[in-house]
Novice: 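Below is one structure. I have some questions about it.
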There are 2 protein chains.
Amino acid sequence: MRGIARLARELGVSTATVSRALNGNPNVNKATREKVLEAAQRLGYAANQAARSLAQGVTHSVGFMIELDHESTTSTDYFFMGVVEGMQAVLAAHGLDLLVLPCAKSQDNFTFLQRFVSRGAVDGMILAETRRIDRRIELMQSSGIPFVTLGRSDSGGGYSWIDLDFEGVMATAVDRLVGQGHRRIAVTVPSNDANYGTIFAQAYQDSLARHGLAFDEELVFPTRRREDDGGSLVDGLLDRPDPATAIILFYEVTAIGIYRRLAERGLTPGRDLSIIGFRGEESVRFLAPQVTCFHMSLPDLGTAAARALLAQMPLTAPAFSSGVLQRRVPLSLVPGESDGPPASGVR
Amino acid sequence: MRGIARLARELGVSTATVSRALNGNPNVNKATREKVLEAAQRLGYAANQAARSLAQGVTHSVGFMIELDHESTTSTDYFFMGVVEGMQAVLAAHGLDLLVLPCAKSQDNFTFLQRFVSRGAVDGMILAETRRIDRRIELMQSSGIPFVTLGRSDSGGGYSWIDLDFEGVMATAVDRLVGQGHRRIAVTVPSNDANYGTIFAQAYQDSLARHGLAFDEELVFPTRRREDDGGSLVDGLLDRPDPATAIILFYEVTAIGIYRRLAERGLTPGRDLSIIGFRGEESVRFLAPQVTCFHMSLPDLGTAAARALLAQMPLTAPAFSSGVLQRRVPLSLVPGESDGPPASGVR
DNA sequence: CTGAAAGCGCTTACAG
DNA sequence: CTGAAAGCGCTTACAG
């Protein structure tokens, strides 16, 4: 005999009583409860997860599906762990375990998710790196399992998501540069297929349009999350009939390569080329001149996602404001010295 | 009626047959199997995880416990995701799910682990950041659940671990510096309580002793995983009666701060101070002069850990060479220009 | 090759 | 406040 039955026998009570005592059911005599709790503690007993889940119909766990591609996992810009920190704290406070579920880039992410969902392995799910068209969202909706995505998608319609305010960031950056006198503003966009790339690029176009500036496809540079992906675009930016005088970076780490290439050409960031980075990062903080960028708290992003999920889960929903939550997290500008009026003085 | 029962009824077979077909039991008529498989596929049916685990006594999942502290999760030096990449690939190939289990620094890591273990939530466990004395190891041993640690510990005795060859790295670095003529060699060590700090420091002492060099406690600098933690130690290193002429860095990112401070003082890395970094990192790769460092593959480390675990798990052990595996993964030196003969020419 | 039935270790109405 | 018993959804000897 093992598990709860063994504990019950040793204590001379029924398994029902042990179960109630352990689960905080109020209908248990105080002395009995203490006896049970003490014994469980002493013997290191905890209810078997599988049996518990089967009986209760809930797992008390939440999955966070992330995709592993070598480019990002080994990047200095990898930021999901900071987000996990916030998620974990909120979920733990509500008695939920966070299971980070890594899906290899090489396997189909739909099938991967489907397995966890159809097996009932989690009570809720957080998805990252949403695509513009993302079948995972419809999968989650038809599964009935509460979920929230980190990032928007055109799929699914009215579901909960948390995303960064790319539009706000871009508007602020372009406003600032235009205010400094720039007219030829370039941009880098991620070279992967996540939806944020599309959103960032669209916000760029919209912001230019707001200022009556022409959109030039040749000023849009897809880059990877790599320091050296910045350097190679500098020449293309400057050596043209109408050179760009400013650039907005999706991956701020690429500033490192840009600074190097500028230095090689005897040029100075902020004077010969204005640079604004998207997400202020540790690895870039030590560049001189300091990169003008946008700041955000990664744990706060995780916290927001976890809350949006809890608001949908049966056990926790009552404590949260109801319904679907769709929120863009604003970022604040951190002025540096990497931008300023164009050297040519064009205005 | 739901789950397997519903599927069975629809197909006009017993649940036993459905179960066998789905689990690849050979004792199933081919036509029957195909019928079942087709229906399961069509209806998106997958066996309930909890029921399956309860009946089988195994979860087909492996946990990787990592500790979240804000310093490391937001560091550009965070490297566990690269390791996860390798783990996940190996485990998936053997039909095992990898659950990354984040434990907040603020909660007790022993209790955290105990919950997952005593509940039977995983079939195997990988532990990171082992301490010199680490009660988790005895916990795992008494649980009977296969486990492997990323990092050594004095606890537990003969269990499986994978660790980096800190001794080899240190010996190579010191040999190289001594060969260049250095006699006063400083070192940075991590300021946390993980065992690798102790090992690194001990290897430093041993390597000095091998060359008959005196150990000077004042040349040992605890640092965090932060770029700016390098700069502050430069002055202490140089402004003393017998200045250090070389330094070996545990966290290579701190080289960034060191380079900056040296530049401020009009000094040159590799000439006025020789620098060797431990783990070659993306964020440091663009420093000039290039930092001499040691290279390793993060996914390979994960692969090794996963294999060491599989070798202990009942279902997979037969395919692996048996027994306890304790392995130090070697790193290879990548020469840069950040070290060389001391400027004073002392020999 | 297939089915009826027991059993995995819990939780929870139900009855007292 | 407590216990006997059913039930959660599977898997797997056992019998045929």
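Predicted, not measured: the structure shown is a model, and the values here were computed from it. A note on names: the letters A, B, ... follow the listed sequences, proteins ahead of strands, and every chain is numbered from 1.
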Novice: Would you indicate what B/Arg2 reaches in the nucleic acid, counting non-hydrogen atoms under 4.0 angstrom: base, sugar-phosphate, or nothing?
Specialist: sugar-phosphate

Novice: May I have the distance from A/Leu22 (atom CG) to C/dG9 (atom C1'), rounded to whole angstrom?
Specialist: 13 Å

Novice: Rounding to a whole Å, what distance do you find between B/Leu7:CG and D/dT11:P?
Specialist: 11 Å

Novice: So which heavy atom on A/Asp134 is nearest to which on A/Thr130, and how close?
Specialist: OD2-CA, 3.3 Å

Novice: Near DNA chain C, counting only heavy atoms under 4.0 Å, which residues of residues 43-56 of chain B show up?
Specialist: B/Leu54, B/Ala55

Novice: Check the side chains of B/Ser142 and B/Glu138 for a donor-acceptor pair under 3.5 angstrom, ignoring hydrogens and angles.
Specialist: no

Novice: Please report, rounded to the nearest Å, how far the C1' atom of C/dG3 is from the CZ atom of B/Arg9.
Specialist: 15 Å

Novice: Kindly state which residues belonging to residues 23-38 of chain A come within less than 4.0 angstrom of DNA chain C, counting heavy atoms of the residue only, listed by number.
Specialist: A/Asn23

Novice: Under a 3.5 Å cutoff on both atom distances, Watson-Crick or G-U, what's the dot-bracket for DNA chain C ([ ] crossing, | other strand)?
Specialist: |||.||||||||.|||

Novice: Answer yes or no: is there a side-chain heavy-atom contact under 4.5 Å between A/Leu101 and B/Asp97?
Specialist: no

Novice: Can you find a pair of side-chain heavy atoms, one from A/Met125 and one from A/Phe64, that are under 4.5 Å apart?
Specialist: no

Novice: Any heavy-atom pair between the side chains of B/Leu310 and B/Leu96 that's under 4.5 Å?
Specialist: yes

Novice: Applying a 4.0 Å non-hydrogen cut-off, can you work out what B/Thr17 is touching in the nucleic acid: base, sugar-phosphate, or nothing?
Specialist: sugar-phosphate

Novice: Just by distance, no angles: are the side chains of B/Gln326 and B/Tyr159 close enough, under 3.5 Å, to form a donor-acceptor pair?
Specialist: no

Novice: Quick check: closest heavy atoms across A/Met87 and A/Ala305, and the distance to 0.1 Å?
Specialist: CE-CB, 4.3 Å

Novice: Counting distance alone, no hydrogens or angles: does the base of D/dG9 have a donor or acceptor under 3.5 Å from a partner atom on the side chain of A/Arg119?
Specialist: no

Novice: Hey, is the main chain of B/Ala317 close enough, under 3.5 Å, to the side chain of B/Gln312 for a donor-acceptor pair?
Specialist: no

Novice: For B/Thr59 and B/Asp123, which I'm curious about, is there any donor-acceptor pair between the side chains at under 3.5 Å?
Specialist: yes

Novice: Roughly how far apart, to the nearest Å, are C/dG16 and C/dT12 at atom C1'?
Specialist: 16 Å

Novice: Are side-chain N/O atoms of A/Asn23 and A/Arg52 paired as donor and acceptor at under 3.5 Å?
Specialist: yes

Novice: Which whole-number value in Å describes the distance from A/Leu11 CG to D/dG3 P?
Specialist: 11 Å

Novice: Compare all side-chain heavy atoms of A/Val62 with those of A/Val122 and state whether any distance is below 4.5 angstrom.
Specialist: no

Novice: Within the structure shown, what part of the strands sits under 4.0 Å from B/Gly57 by heavy-atom distance: base, sugar-phosphate, or nothing?
Specialist: nothing

Novice: Does a side-chain N or O from A/Ser14 land closer than 4.0 Å to OP1 or OP2 of D/dA4, or not?
Specialist: no

Novice: I want to check something: taking the side chain as every heavy atom from C-beta on, are A/Glu129 and A/Phe80 in contact at a cut-off of under 4.5 Å?
Specialist: yes

Novice: Could you tell me how far apart B/His60 (NE2) and C/dC8 (C1') are, to the nearest whole angstrom?
Specialist: 14 Å

Novice: What's the CD1-P distance between B/Ile4 and C/dT2, to the nearest Å?
Specialist: 14 Å

